[in-house]
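Report on the following structure.
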Amino acid sequence: MLVFKGLKNVGLDLSLGGGILLLIMVGIAVWMAVTVFARALKKQSISRATFIMFSWMQVFTASAFAFSHGANDIANAVGPFAAVLDVLSTGEISEEAAVPTAVLAAFGIALISGLWFVGRKVIATVGSGLTSMHPSSGFAAELAAAAVVMLASVLGLPVSSTHILIGAVLGVGIVNRAANWKLMKPIALAWVITLPAAASIGAVVVLVLRAIF
């Protein structure tokens, strides 16, 4: 996604062959780095070496998931807002709407604020409440979630990154036979309630605005 689409935004339009060659070079570099790192951990016990290695590897899978999150889930909120601004400025409904830089900055600040004040509770629930996590299982869950969200982004499907990550973590718990199904029940109930609750609030707000204006 970054090589074939993202680099175009900074003027680096690679061909198909150039993009594939770049990905192969990055893959070789990563393989060499991991090999050197693994050999440096030979003196450690297997459990300790595994913990250290996957702790570092999780940095990259977490970055990949953050990238996929921005490519899909953030657009679910920015998209309607940008569409409303476009309609207000042009007076027409267009198939595409430009996203102003100020809107990107505002939603970036909103995302960080939400993570700081409220998101830590969700992080704690997903990271430790659903199942006991090891860096290796965290690596597997993040890699799976990032791949699914990125595939949805390529297909143009708006999805919930949180739902997908919870599914990946739950899959790890099922394999390890340590899934917390009691916690999963209220989470699933919240998923069912969210859509009609948001729809109802939106409808009420529209009715109130029409009555006022």
Side-chain angles (χ1 to χ4, degrees), residues 1-16 19 61-123 125-126 141-170 186-213:
M1 180 70 75
L2 179 62
V3 170
F4 292 107
K5 297 187 69 175
L7 294 180
K8 292 181 180 179
N9 297 323
V10 294
L12 297 176
D13 192 2
L14 298 177
S15 63
L16 177 61
T61 52
S63 300
F65 181 74
F67 181 84
S68 65
H69 183 74
N72 193 303
D73 215 359
I74 302 302
N76 296 342
V78 177
F81 193 83
V84 170
L85 290 179
D86 185 69
V87 171
L88 292 175
S89 61
T90 62
E92 300 178 352
I93 300 177
S94 306
E95 293 184 358
E96 297 183 355
V99 182
T101 304
V103 173
L104 293 175
F107 274 83
I109 294 172
L111 171 65
I112 295 171
S113 301
L115 285 173
W116 179 262
F117 291 105
V118 184
R120 64 182 74 182
K121 297 181 180 179
V122 178
I123 294 172
T125 299
V126 177
E142 288 175 343
L143 183 63
V148 172
V149 176
M150 192 61 65
L151 177 61
S153 300
V154 172
L155 297 176
L157 300 176
V159 296
S160 173
S161 302
T162 307
H163 290 187
I164 292 173
L165 182 58
I166 288 177
V169 172
L170 191 63
I187 292 176
L189 182 62
W191 289 351
V192 175
I193 295 175
T194 298
L195 185 61
S200 301
I201 294 173
V204 170
V205 171
V206 170
L207 292 174
V208 170
L209 292 177
R210 285 182 177 178
I212 296 175
F213 299 102

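Ile166 has its side chain within reach of Trp191: a pair of non-hydrogen atoms, C-beta onward, lies under 4.5 Å apart. With a 4.5 Å cut-off on side-chain heavy atoms, Val148 and Val159 do not count as touching.
Val78 approaches Val103 most closely through the heavy-atom pair CG1-CG1, 4.2 Å. His69 and Leu111 make their closest contact through NE2-CD1, 4.4 Å (heavy atoms, listed as atom of the first residue, atom of the second, distance). The two residues Phe67 and Met150 make their nearest non-hydrogen contact at CD2-CE, 3.3 Å. Considering every non-hydrogen atom in both Glu142 and Ala62, the closest pair reads OE1-N, 3.3 Å. Contact between Ala82 and Ala98 at its shortest, heavy atoms only, is CB-O, 4.2 Å. Residues Asp86 and Glu96 share a closest heavy-atom pair of OD2-O, 4.1 Å.
For the atom pair NE2 of His163 and CG of Leu170, the computed distance is 13.0 Å after rounding to the nearest 0.5 Å. Atom-to-atom distance recorded for Thr90:OG1 and Leu85:CG is 10.5 Å, nearest 0.5 angstrom. One distance of note links CG of Leu104 with CD1 of Ile109; it measures 11.0 Å at 0.5 Å rounding.
In this structure a side-chain-to-backbone donor-acceptor pair under 3.5 Å is present from Asn72 to Leu157.
More than 12 heavy atoms of other residues, nucleotides or ligands lie within 6.0 Å of CZ in Arg120, so this atom counts as buried by the packing criterion.
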